[in-house]
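Each chain gets a letter, A, B and so on, in the order the sequences are listed, and its residues count up from 1.
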Amino acid sequence: MFAHGNENMMGAKIEKGTCKVRVFRYDPSKDEKPRYETYEVPYLVERAPDGREIPMRIMAVLDYIRNELGVDIAYRATCGIGRCGTCGVLVNGEPKLACWDAAEREMTIEPLPNLPIIRDLVVDRRPLEEQLKNVNPWLERKKPYTKFPEEFRPEEIPVLKDVFKLGRCLECGLCYASCPLVERSPYVGPEAITHLTKFTFDPRDKQEDRLTIALSKGAYYCTTCKRCSEACPMEIDPLNALISLRGLLVEAGKVPSTIRDALERIYKYGNPWGISRSKRSEWARNLKIKYASQVEKIELLYFVGCAASYDLRAQNVAKAIAKNLNTLGIDFTILGNEENCCGNEVYSLGERGLFEILVEENLNIFRKYGIDKIVTTSPHCFNAFKNRYGNHKLTVLHYTQFFADLIDKGKLKFSKKIEKKVTYQDPCFLARYNNILDEPRKIIESIPGVTFLELRMSGKHGICCGGGGGRMWYEIPEEQGRLAVDRVKEAVEIGADILAVACPFCLLTLEDAVKTTGNEDKIQVKDIMELVAEAL
Amino acid sequence: MPDEVYEKEVLIIGGGIAGLSAAYFATKQGADVILLTKGFAGKSGCSVQAAQFGGGIIFLPEEDRYAYFKARLFNFMADQELAWQLIKGIDEVNPARVLEEIGVLWRRRDDGSILVTAMRLNKKGEPSLPYYLWSEKMGDTAKTISSALRQEILRRGVEILDNTVCTKLLTKGGEVVGATAYDYEQGRFILLKAKSVILATGSAKLWKYHTEARESVGEGYILALEAGAQLVNMEFMAYHDAEMVWPWSLHLGNLYLYTHGGFGAAKDLTGKYKSFSPSKFYNMKGEEFSITHKLGERMAIELQIQKGLARKDGGYYVSFEGRDPEFIEEFFYQANALKHLGIDISKDKIEVRTSCHNMIGGIKIKPRTAETGVPGLYACGAVASQCLGLHNCMVSASWAANSAVKRAKEIEAPTIDLDQVKEEENRVLSWLSRTKDTVGDGIPPIKIKRKIMDIMWEKCNYMKCEEDLLEALQQLRMIREEMMPRMVLRSNTKRWNYDLVEALEVPRMLLCAEIIVTASLMRKESRGYFQRKDYPETDDKNWLKNIVIKFENGKLKFDTVPVKLTYVRPWE
């Protein structure tokens, strides 16, 4: 405690409250099945006069339960200061280091997913270590080591410093535990990829052999859902490491043929399907729509995107958005056949060169027409323009933000009811990449007659539909069960009639999964804009 | 019957940098090696907490080596030949080179030269006593080293048994022939036959506040003692002076702030070398006090404690006023912890406390061979007297590996006394029948552990005195006579029965604590890190002696042996 009891010289005080914690208990050698036990524990927060709060750590709660309450829960605890990386647990659905992260007043503490359970919160680290071994996580020197200290050219120093940022990895496995692919596919996982990337960029290493390993261990399996980077306690960004690695694979020409073809089609035709540019705005043919080349000034650009332009099912979303904007009297314009791929997946696939070309072309088009405000169909296009296109002065919105804003302003009123139970698949590029969680829900919940149901894994914990990262053009034959199938099953389990989406890739993958699981009579997949169009 | 039997040439017990290095050196010589560790190899013990690597002393100029040598004599308690050989070993083994070869990147300046930081500045304001190398981020150094060593030995085919605690060293005819161990993940009792055994079990967390991982409780000292080795200088330990106090933490771990050293990384605009140490110390009243004292920083704090203006477990503060926050962010190893906690180093005063850092004494070993006097048993790293410090861990590990491999190549596979194994298996596994369900309510081991740590913290801390030490002995005896017999486990599960691990720890922790207190009582003087309120003067006339401990006829024997003043005498 502090020098003067509960107070210290800085005037900071310790406040004592209560923490309610549910702990997962399971002894595979004795118990038939897991159970949860609830405890009450003192919740200590240090509060500084300027309002800063420093709560107790999660591990302190576990210690209290074991040592003061006398309950023999099993958990790992070694260094206590975020160095050894062994104390990972799942707290309220998020992977955390127990010693490093703050406890919350209400917690459910569970073992990390994707690893076999030894007892209670202790998981077996062996699969994690095996995966790491798969990428040869040691230096394989290009040239023999001859003298100490090793001599580096000055230009190698910044590269080494960058590479060694990846070396801060604690091997805690939180990223591995959050990856939806490691258990269902041969993907080696984000931790191993981080180490592989570190060695591949290390100028001392042999490097080329690493790329073959990268390819065989699933460098193209990742859907870029970003759960790994969200989980990393050292802010290493394993996803960025993967994309950098893909960049090297592209440079070395080691890209799977279906992905290479998709990239070539984007380059030639401005869309990954390879359909002619002249057909890009065919979906809009009989609609009341303004084209950029025909107007004086553009108030709002509706950026349709490749999927909603060319895919027959996704075109219904574009039509719904156009209809909704028109019904609400919003002045908008589309680029028509001048619209080009946004390049978000090109970036995720590591094709930096093509991505830079697309950025330049698209920014030129926007500049040409004096565009300053864009609303997109797809969260992917939204993310590209907002976060990956560098410094620009454009206001970029996803349609959920735009329409939620209309609700706030009282401009969106519904005249019809939809008496259905509706649940919602959070797109990765809205929820995790851009923190957009409330707006889509606001729209759905304001439709009269709708009962909104939350999926168990939703919001920032949501699980990818499997469509991102280039996976629309790359099949993993060994994948046990598509991600989309699990999402549909979850939606059916909670009793939803409609699985609402806000992304064309989610729309396509989830609808496909509904068909393959034979759930067409139980559930429908609809874009939020389609629901709005129905109810307006 | 053991669940698993291993037969290897070299068995290494301990997975910190000493153990990993020993495995590296041994396997490089073609030995068949197995390593077992209570925690995780490369993630446990105090190794992973270390911020910097002392292998930089290879750059020490001749004129500074003598000063370094004298400092490592710990006020003349050390084995001078051992201290000298450890320094020679740096040149011969060059641990920094060993690590660089396997991929550890030592921090470079922008011009590519290697960054070596110094303990202090000389009169000209230049770094003097160059000492430490850093990995890319100072503070990650030990992690980087551990990780690189672990991967390297895995690549070379060393088998690693994590979460496996050694329960006993097996002996036959006065020689060590193997060990028994308990894998507490799966609840398996394991027999390991080995021609050579290297103990690398590190230091001891016997005090309430101590910079060690939870599982480092000093069992290694007692395992060695039980096998016939000797302990020396157990009353000497180093202390930290600025560990961050977190009031809500039920001693999670220990984040300490460096109060000295690190000079040479960068200069400010006036040409002065920047520092990442706290700039000011404040006592309970808010008065500034100086941390400098000829007997070290811990003594400076002790003076405040004696005036009632600080406590050993808190009540004094540090600040970083005037320090460059960018420099701290770039170079200071706790920077990300401070940021994570929302501490603003430009204005906050951080409450800190003292803590025990490392045992200086330990298993008595022979210089250059790391022999313990028991054939087949070698020791290296912090468990061996004087071998603390990552660079010394590695030098002593290379000695131990060389001796271990040499012996393994020369002798036949030893035979094991199976009765000894059976007795040990029974001792370990019979705990599973001592649960509250079978014998009724009792005391869980963790409570006894914490009581031992409380007693040591209160009565056997930095400033000792006869009254406290006698009180400590009495309370430890009470634990032995009243609490230990009532120790029960909370469950008989085979899966992660940490109560069982702790039940095995308790008797050895108790013995280790008793040894430290008894040796402290014997030494009636003050000397460097060993301070007594009732004997404040150094007594070279009567106490240029080491206290050596061994088991004789099943009882502890404490002897005093005059220090051999091989190279330097105190009056020179």
Side-chain angles (χ1 to χ4, degrees), chain A residues 1-3 8-10 14 27-30 44-46 52 54-57 59-60 63-64 66-67 70 72 74 77-86 99-100 118-120 122 124-125 133 136-139 145 148-154 156-157 160-161 164-165 167-168 170-171 204, chain B residues 39-40 43-44 48-49 94 96-97 100-103 105-106 108 110-112 114 135-137 140 143-144 147-148 151-152 154-155 185 213-215 245 247-250 252-255 282 284 286 311 314-315 317 337 340-342 348-349 351 444 446 450 490-491 493-496 498-499:
Chain A
M1 287 295 151
F2 288 135
N8 80 351
M9 192 174 82
M10 278 179 60
I14 303 172
D27 184 339
S29 71
K30 289 176 164 219
L44 301 174
V45 180
E46 175 183 356
R52 268 182 294 162
I54 310 178
M56 67 196 295
R57 307 292 102 178
M59 193 181 272
D63 283 346
Y64 189 91
R66 180 165 187 262
N67 302 338
D72 185 27
T78 297
C79 76
I81 55 169
R83 290 269 169 83
C84 71
T86 58
C99 73
W100 192 238
I118 303 272
R119 181 164 80 89
D120 299 340
V122 176
D124 189 347
R125 286 181 55 94
K133 258 197 257 184
N136 298 348
W138 43 74
L139 185 64
Y145 180 80
F148 171 81
E150 196 167 351
E151 275 171 355
F152 295 114
R153 297 191 303 278
E156 288 179 310
I157 303 295
L160 286 164
K161 285 191 181 198
F164 266 79
K165 287 201 181 92
R168 306 204 61 219
L170 300 181
E171 294 165 44
R204 306 170 295 175
Chain B
F40 272 104
K43 283 174 169 298
S44 301
V48 77
Q49 312 219 349
N94 197 347
R97 182 200 162 110
E100 191 178 60
E101 184 166 3
I102 62 171
L105 178 70
W106 299 121
R108 301 296 176 123
D110 291 330
D111 66 359
I114 202 166
S135 74
E136 233 327 277
K137 178 95 181 165
D140 284 355
K143 252 175 31 204
T144 314
S147 203
Q151 295 306 339
E152 187 61 29
L154 280 174
R155 170 207 219 178
E185 252 189 19
R214 286 189 184 197
E215 58 271 338
V245 172
W248 52 85
S249 104
L250 302 165
L252 295 178
N254 302 279
L255 277 194
Y282 297 93
M284 232 183 253
R311 295 191 326 268
Y317 307 81
H340 186 70
L341 295 170
D348 284 345
K349 293 184 173 59
E351 184 175 0
I446 182 70
R450 287 168 79 190
R490 283 172 285 191
S491 135
T493 181
K494 285 184 144 206
R495 294 287 191 106
W496 200 270
Y498 213 74
D499 272 5

Self-check item: Most chain B-contacting option - heavy-atom pairs closer than 4.5 Å, from A:Gly82, A:Ala77, A:Pro154, A:Ser29
Solution: A:Ala77

Quiz prompt | Top of A:Asn136, A:Leu170, A:Asn67 for chain B proximity - count of heavy-atom pairs under 4.5 angstrom | solution = A:Asn67

Practice problem: Taking the side chain as every heavy atom from C-beta outward, state whether B:Met284 and B:Arg311 have any pair of such atoms under 4.5 Å apart. | Solution: yes

Exercise. Would you mind telling me which of A:Lys133, A:Arg66, A:Lys165 has the largest number of heavy-atom pairs within less than 4.5 Å of chain B?
Key: A:Arg66

Quiz prompt | Partner chain B: residue of A:Pro149, A:Gly85, A:Ala74 with the largest heavy-atom pair count (under 4.5 Å) | solution = A:Pro149

Quiz item: Between A:Arg57 and A:Asp63, does a salt bridge (Lys or Arg N to Asp or Glu O under 4.0 Å) hold up when you go through it step by step?
Solution: CA-CA 10 Å; A:Arg57 307 292 102 178; A:Asp63 283 346; over 6 Å; no

Exercise. Heavy-atom distances under 4.5 Å only: say whether B:Phe40 touches chain A with side chain, backbone, both or neither.
Key: side chain

Self-check item: Which atoms of B:Ile102 approach chain A - backbone, side chain, both or neither, heavy atom under 4.5 Å
Solution: backbone

Quiz item: Is it the side chain or the backbone of A:Arg204 that comes within 4.5 Å of chain B heavy atoms, both, or neither?
Solution: side chain

Quiz item: With a 4.5 angstrom heavy-atom cut-off, which part of A:Glu171 approaches chain B: side chain, backbone, both or neither?
Solution: both

Quiz item: Taking the side chain as C-beta and beyond, is there a heavy-atom pair between A:Phe152 and B:Leu105 under 4.5 Å?
Solution: yes

Exercise. Examine whether an atom of B:Asp140 lies under 4.5 Å from a heavy atom of chain A, and if so say whether it belongs to the side chain, the backbone or both; otherwise answer neither.
Key: side chain

Quiz prompt | Proximal component of B:Glu101, with respect to chain A [non-hydrogen, under 4.5 Å] | solution = both

Quiz item: Which residue out of B:Asp499, B:Asp110, B:Asp111 racks up the most heavy-atom pairs below 4.5 Å with chain A?
Solution: B:Asp499

Quiz item: A:Arg153 versus chain B, heavy atoms under 4.5 Å apart: side chain, backbone, both or neither?
Solution: neither

Self-check item: Which atoms of A:Ile157 approach chain B - backbone, side chain, both or neither, heavy atom under 4.5 Å
Solution: side chain

Quiz prompt | Region of A:Lys161 in contact with chain B, defined by heavy-atom distances below 4.5 Å | solution = both

Quiz item: Is there a donor-acceptor pair closer than 3.5 Å between any side-chain N or O of B:Arg495 and the backbone N or O of A:Arg119?
Solution: no

Self-check item: Within-4.5 Å side-chain heavy-atom neighbours: A:Val45 and A:Met56
Solution: no

Exercise. Evaluate the side-chain proximity of B:Trp496 to A:Asp120: yes if any heavy-atom separation is below 4.5 Å, no if none is.
Key: no

Quiz item: B:Glu351 side chain to B:Gly315 main-chain N or O, any donor-acceptor pair under 3.5 Å?
Solution: yes

Self-check item: Backbone N/O of A:Glu150 and side chain of B:Glu100: donor-acceptor pair under 3.5 Å
Solution: yes

Quiz item: Hey, does the side chain of B:Trp106 reach the backbone of B:Ala96 with a donor-acceptor pair shorter than 3.5 angstrom?
Solution: yes

